[in-house]
Amino acid sequence: LPGGTTEARLDSQQASLRPIICREQVDRMIPDNMDLAVTPLAPTRARPQPVEELTGNIRSICGDFEIEPPDPGSGRVNGDGSTMSVSRFETAIISLNAKRVLRDKRMIRRDPGEHLFLVIQDKGNCWIHQNETSGRLAPGDMYLVDSAHSSEFVYNGVDARQVSIHLPRSEMLHRFGAICTGGIAIDRSDPLFVAMRAVLTKIFSDDASVAPHHGEAFLSILGAYFRSVEHQEALQDRTSKGVLSRALSLIDRHATDPD
């Protein structure tokens, strides 16, 4: 054989036998341009139906709520309610084009709240009113709703889908303290928001066998978020008290100084 041909063949064979390293699981690859903050977590299964049918379905999943259809005269709504297991928590997927959904004190007495609902706006928009506060949810936004307090969800007849993770109220109260009750929006500008959304995307896309570990990771990040909120509120409280104290001192000084 001509010089060098055997070595070239050997090099070529060895190169073909080298393993190709894939640094990501093929079935879990996420495009580089995917925005985890707004990536949908669940599909829409909405269908036209009588409002009483959807109301009964949602009551069996989430508790006592009342649905006001977009056209009260028709008595019909386009929607659906289903459940799935996310980590160790029951999760509801609610799609609807209602005018609004509400839960008042009468419903709470009839069906006491035992859960906090982590509501993730998966499609469309919604206004949430709870505990004398209001917040607008756009796709990707999150709000922790307290079933022990009156609440109102306003959709104005626009198609919307929400993912609601049901967290046991007593367990969360023991774990996080009172800050998690009464209704609280998760600030989208907080870096921990991005971390929570990333873990949620992982939970909804991964195999159920590893979801419990991700679920615990999510609760740890949620707890860190609450501690951060408490710290910020404490700083604001100390600052406002300091300003008030200085103002009172100035008032007292000028009140005793004739000049």
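It should be emphasised that the depicted structure is a prediction, and the values quoted were computed from it without experimental measurement. The basis for the numbers below is simple: all heavy atoms, side chains too, and nothing from hydrogens, waters or symmetry mates.
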task = Decide whether Ile221 and Leu116 are clustered together by the hydrophobic rule: side chain heavy atoms of Ile, Leu, Val, Met, Phe, Trp, Tyr closer than 4.5 Å, transitively.
result = yes

query = What residues, two or more places apart in sequence or in another chain, satisfy ring-ring contact (aromatic ring centres under 6.0 Å, His included) together with Phe176?
reply = Phe226

Donor-acceptor contact below 3.5 Å, side chain Arg100 vs main chain Glu152 = no

key: Inter-residue atom distance Leu96.CG - Asn78.CG, 0.5 Å rounding   = 9.0 Å

query = Who passes ring-ring contact (aromatic ring centres under 6.0 Å, His included) against Phe65, sequence neighbours left out?
reply = none

query = Sub-3.5 Å donor-acceptor pair from the side chain of Arg103 to the main-chain atoms of Asp64, do we have one?
reply = yes

query = Is there a side-chain contact between Pro168 and Phe89, using heavy atoms and a 4.5 Å cut-off?
reply = yes

request  = Taking all non-hydrogen atoms of both residues into account, name the closest pair between Ile108 and His149 and its distance.
outcome  = CD1-C, 3.4 Å

Spacing of Glu66 atom CD and Glu68 atom CD [to the nearest 0.5 Å] = 9.0 Å

task = Any chance you could pull the hydrophobic cluster mates of Trp127, using side-chain heavy atoms under 4.5 angstrom and chaining through other members?
result = Val154

Considering all heavy atoms, the nearest Ala92-Cys62 contact = CB-SG, 3.9 Å

message = For His115, give me all partners under ring-ring contact (aromatic ring centres under 6.0 Å, His included), at least two apart in sequence or on another chain.
response = His166

ask   = Is the shortest heavy-atom distance from the side chain of Leu200 to the side chain of Met142 under 4.5 Å?
value = yes

query = Shared ILVMFWY cluster between Ile179 and Leu167, side chains joined below 4.5 angstrom?
reply = yes

inquiry  = Checking Thr181 now: which residues fulfil side-chain contact (heavy atoms from CB on, under 4.5 Å) with it, not counting sequence neighbours?
reply    = Asp146, Arg169, Leu173, Ala178

Under the side-chain contact (heavy atoms from CB on, under 4.5 Å) test, residues paired with Gln121 that sit two or more places apart = Cys126, Leu137, Ala160, Gln162

ask   = For Pro112, which residues count as a side-chain contact (heavy atoms from CB on, under 4.5 Å) partner, sequence neighbours excluded?
value = none

inquiry  = For Glu216, is there any backbone N or O sitting under 3.5 Å from a side-chain donor or acceptor partner on Ser220?
reply    = yes

ask   = Are Phe153 and Leu118 in one and the same hydrophobic cluster, where Ile, Leu, Val, Met, Phe, Trp and Tyr link if side-chain heavy atoms are under 4.5 Å apart?
value = no

note = Separation between CD1 (Ile120) and CD1 (Ile165), nearest 0.5 Å, reads 4.0 Å

message = Check whether Asn131 reaches the backbone of Gly183 with its side chain - one donor and one acceptor, N or O, closer than 3.5 Å.
response = no

query = Just by distance, do the side chain of Glu90 and the backbone of Thr83 share a donor-acceptor pair under 3.5 Å?
reply = no

query = Between atom CE of Met172 and atom CZ of Arg175, what is the distance when rounded to the nearest 0.5 Å?
reply = 6.0 Å

ask   = Roughly how far apart are Ser82 OG and Asn57 CG, rounded to 0.5 Å?
value = 8.0 Å

ask   = Would Met196 and Ile184 show up in the same hydrophobic cluster when neighbours are defined by side-chain heavy atoms closer than 4.5 Å?
value = yes

ask   = Residues in side chain to side chain donor-acceptor pair (under 3.5 Å) with Asn125, at least two apart?
value = Arg136

request  = Work out which heavy atom in Asp187 is nearest to a heavy atom in Phe193; give both atom names and the distance.
outcome  = O-CB, 3.4 Å

task = Mind running side-chain contact (heavy atoms from CB on, under 4.5 Å) on Met84 and Phe204 for me, showing each step along the way?
result = CA-CA 10 Å; Met84 64 181 295; Phe204 277 82; 3.7 Å; yes

key: Residues that Ser170 engages under side chain to side chain donor-acceptor pair (under 3.5 Å), provided they are two or more places apart   = none

task = List in chain and number order the residues that pass side chain to side chain donor-acceptor pair (under 3.5 Å) with Ser134, two or more places apart in sequence or in another chain; answer none if no residue qualifies.
result = His129

ask   = Should Asp141 and Ile186 be marked as a side-chain contact (heavy atoms from CB on, under 4.5 Å) after you check the CA-CA gap, both sets of side-chain angles, and the distance that decides it?
value = CA-CA 7 Å; Asp141 286 339; Ile186 308 300; over 6 Å; no

side-chain contact (heavy atoms from CB on, under 4.5 Å) between Val101 and Ile58, intermediate numbers included = CA-CA 10 Å; Val101 175; Ile58 289 179; 5.7 Å; no

request  = Please name the pair of heavy atoms, one in Leu144 and one in Cys180, separated by the smallest distance, quoted to 0.1 Å.
outcome  = CD2-O, 3.4 Å

key: Donor-acceptor contact present, side-chain Asp104 to main-chain Arg106, <3.5 Å   = yes

key: side-chain contact (heavy atoms from CB on, under 4.5 Å) between Arg197 and Leu41, worked out   = CA-CA 10 Å; Arg197 282 291 311 189; Leu41 299 176; 4.2 Å; yes

Set of residues satisfying side chain to side chain donor-acceptor pair (under 3.5 Å) with respect to Glu171, sequence neighbours excluded = Arg88

query = At their closest point, which heavy atom of Leu192 faces which heavy atom of Ala224, and how far apart are they?
reply = CD1-C, 3.8 Å

Those residues that, when tested against Pro50, pass side-chain contact (heavy atoms from CB on, under 4.5 Å) (two or more places apart) = Glu52, Glu53, Arg76

query = At their closest point, which heavy atom of Ser147 faces which heavy atom of Phe117, and how far apart are they?
reply = CB-CE1, 3.8 Å

key: Ile128 with Ile94, same ILVMFWY side-chain cluster at under 4.5 Å   = yes

message = Quick check for you: to the nearest 0.5 Å, what is the distance between Asn156 atom CG and Lys99 atom NZ?
response = 7.5 Å

